[in-house]
Amino acid sequence: PLLSRYTDVHHGNGTQQAFYADPSILYVSLHRYDEGNFFPGSGAPNEVGSGPGEGYNINIAWTGGLDPPMGDVEYLTAFRTVIMPAANEFDPEIVLVSAGFDAVEGHDPPLGGYKVTAKCFGHLTKQLLKLADGRVVLALEGGHDLTAICDASEACINALLGNELEPLPEDIVHQIPNMNAIASLKKTTEIQSKYWKSVEPYSVPVDCALAESQKREREETETVSAMASLSVDVEQCMPQEGSR
């Protein structure tokens with residue numbers, strides 16, 4: 001089986017521990033990690049399994065806090081570069097998903113603070129249906145925001161039923177992840193590429209990196225210009241020395 005936690009923002013430490021030395025089960029978790037400073041503190045990228053189970057434990061441990069929060073782009077990239085390649089190579093007979101849904105937008109920072117949309121989770125579930133002849137089981141584990149849970153559950157059930165999903169925006173599909181996500185993916189792929197031929201060390205395409213760099217430069221320039229304009233406005237509003 002393939003055991004996956006891609007909707008829950010917390011690491012599944014109990015599930016990991018239960019199958020840590022079992023090569024018949026591939027466990028994959030996407031979670032907020034922040035170098036061990038986010039609950040429960042486990043799930044580092046180098047936790048890969050032990051004994052005969054070494055290499056059958058994959059942790060995509062997001063770091064960098066909420067600056068910015070992870071969202072659709074980051075999760076889609078993790079599926080494309082790590083989860084689906086390794087899962088296809090493992091070739092499971094069934095896929096079991098711990099569906100917690102507190103990575104969905106709408107949860108306050110102490111509860112996760114990520115910005116993954118319900119729509120995105122529907123598309124991620126659709127990708128998993130390509131595995132194991134479509135034998136995919138989602139077990140609802142909860143979440144902390146009722147609206148988010150309902151929206152994400154509906155999106156995932158629509159995927160399971162084979163219903164047509166609302167397409168993701170084009171800019172989301174082609175956008176590159178934020179810098180913290182890139183660092184996290186580089187660390188995970190560097191480790192997991194030793195165990196999975198299909199997982200390659202993550203690198204950002206040069207043209208995409210250039211476009212992202214130019215975008216950041218434009219944003220920084222706009223910020224500086226706005227601050228300069230604000231400074232001029234404030235000076236003009238200040239009374240001149242000696243005036244009444």
Side-chain angles (χ1 to χ4, degrees), residues 1-66 69-71 74-75 77-79 81-84 86-87 90 92 94-104 106-116 121 124-125 128 131 136-145 148-149 152-153 156 180-181 183-192 194-196 199:
L2 166 67
L3 298 180
S4 178
R5 286 175 67 94
Y6 62 93
T7 65
D8 197 311
V9 78
H10 303 93
H11 178 243
N13 51 346
T15 307
Q16 174 175 291
Q17 183 178 356
F19 303 107
Y20 205 59
D22 191 340
S24 69
I25 295 176
L26 174 62
Y27 177 62
V28 182
S29 177
L30 285 84
H31 52 272
R32 183 177 169 185
Y33 178 61
D34 296 350
E35 304 300 339
N37 293 310
F38 188 75
F39 181 85
S42 58
N46 61 359
E47 296 174 16
V48 296
S50 64
E54 183 177 347
Y56 292 91
N57 197 90
I58 300 176
N59 284 311
I60 300 173
W62 301 124
T63 192
L66 302 176
M70 303 301 169
E74 289 70 38
Y75 274 64
T77 305
F79 259 65
T81 59
V82 183
I83 295 179
M84 293 307 295
F90 180 67
I94 190 171
V95 178
L96 306 175
V97 180
S98 301
F101 293 132
D102 47 10
V104 183
H107 289 84
D108 294 331
L111 300 175
Y114 280 3
K115 301 296 183 182
V116 188
F121 279 134
L124 297 180
T125 302
L128 291 180
L131 303 168
V136 178
V137 178
L138 272 69
L140 179 62
E141 291 189 342
H144 306 280
D145 182 89
I149 295 170
S153 297
C156 291
N180 290 328
S184 299
L185 289 170
K186 282 184 175 180
K187 188 174 295 185
T188 297
T189 54
E190 180 182 353
I191 293 169
Q192 292 298 330
K194 301 172 185 175
Y195 303 104
W196 303 98
V199 176

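Positions are given from 1 along the sequence. These numbers were taken from a predicted model, which means no experiment stands behind them. Heavy-atom basis, side chains included; hydrogens, waters and symmetry copies ignored.
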Step by step, work out the side-chain contact (heavy atoms from CB on, under 4.5 Å) result for Ile83 and Leu124. CA-CA 10 Å; Ile83 295 179; Leu124 297 180; over 6 Å; no

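- Partners of Ala86 by side chain to side chain contact (heavy atoms under 4.5 Å, CB included), not counting sequence neighbours, listed by chain and number: Ile58, Trp196, Val199.
- Asp145 places a side-chain N or O within 3.5 Å of a backbone atom of Ala148 that can act as its donor or acceptor partner.
- For Phe38, the ring-ring contact (aromatic ring centres under 6.0 Å, His included) test picks out His10, with sequence neighbours left out.
- Take Thr63 and apply the side chain to side chain donor-acceptor pair (under 3.5 Å) test, not counting sequence neighbours, and it matches Glu35.
- At least one donor-acceptor pair closer than 3.5 Å links the side chain of Glu74 to the backbone N or O of Gly71.
- Between Pro109 and Leu66, the closest heavy-atom pair is CB-CD1, 3.6 Å.
- With Val136 as reference, Val95 is the one residue of Leu2, Leu96, Val95 to meet the side-chain contact (heavy atoms from CB on, under 4.5 Å) rule.
- Taking Ala61 as the reference, His31, Tyr33, Pro45 meet the side chain to side chain contact (heavy atoms under 4.5 Å, CB included) condition, with sequence neighbours excluded.
- Between the CD1 atom of Ile94 and the CD1 atom of Ile25 there is a distance of 11.0 Å, given to the nearest 0.5 Å.
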Trace of the side-chain contact (heavy atoms from CB on, under 4.5 Å) decision for Leu111 with Asp102: CA-CA 7 Å; Leu111 300 175; Asp102 47 10; 5.7 Å; no

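- Nearest heavy-atom pair across Thr125 and Cys156 is OG1-SG, 3.3 Å.
- Between Ser29 and Gly12, the shortest heavy-atom contact is OG-N, 4.1 Å.
- Heavy atoms only, all atoms of each residue included: Val104 and Ala152 are closest at CG2-CB, 3.8 Å.
- Side-chain contact between Tyr6 and Val97 is present, with at least one heavy-atom pair separated by less than 4.5 Å.
- Residues satisfying the side chain to side chain donor-acceptor pair (under 3.5 Å) test with Tyr114, not counting sequence neighbours, are none.
- With sequence neighbours excluded, the residues satisfying side chain to side chain donor-acceptor pair (under 3.5 Å) with Asn59 are His11, Gln16.
- Residues that satisfy the side chain to side chain contact (heavy atoms under 4.5 Å, CB included) test with Asp108, not counting sequence neighbours, are Pro110.
- With contacts defined as side-chain heavy-atom distances shorter than 4.5 Å, the pair Leu131/Met84 qualifies.
- The ring-ring contact (aromatic ring centres under 6.0 Å, His included) search around Phe19 returns none, not counting sequence neighbours.
- In this structure, Val82 and Thr188 approach most closely via the heavy-atom pair CG1-CG2, 4.4 Å.
- The two residues Pro92 and Ala87 come nearest to each other via the heavy atoms CD-O, 3.3 Å.
- For Ser153, the side chain to side chain contact (heavy atoms under 4.5 Å, CB included) partners two or more places apart in sequence, or in a different chain, are Phe101, Leu140, Ile149.
- The backbone N or O of His107 sits nowhere less than 3.5 Å from a side-chain atom of His144 that would complete a donor-acceptor pair.
- Within the structure, salt bridge (charged side-chain N to carboxylate O under 4.0 Å, His left out) pairs that include any residue of residues 2-14 comprise Arg5-Asp8, Arg5-Glu141 (at least two apart or interchain).
- The side chain to side chain donor-acceptor pair (under 3.5 Å) test applied to Asn13 returns no partner, not counting sequence neighbours.
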Stepwise side-chain contact (heavy atoms from CB on, under 4.5 Å) test for Trp62 and Leu30: CA-CA 7 Å; Trp62 301 124; Leu30 285 84; 4.1 Å; yes

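- To the nearest 0.5 Å, atom CG of residue Leu3 and atom OG of residue Ser98 are 7.0 Å apart.
- The number of heavy atoms from other shown groups lying within 6.0 Å of OH (Tyr20) is above 12.
- Taking CD from Gln17 and CD from Glu47, the interatomic distance works out to 11.0 Å, rounded to the nearest 0.5 Å.
- Here the side chains of Met70 and Val116 are not in contact, with every heavy-atom distance at 4.5 Å or above.
- Remark: Leu185 CG to Thr81 OG1 distance equals 5.0 Å, nearest 0.5 Å.
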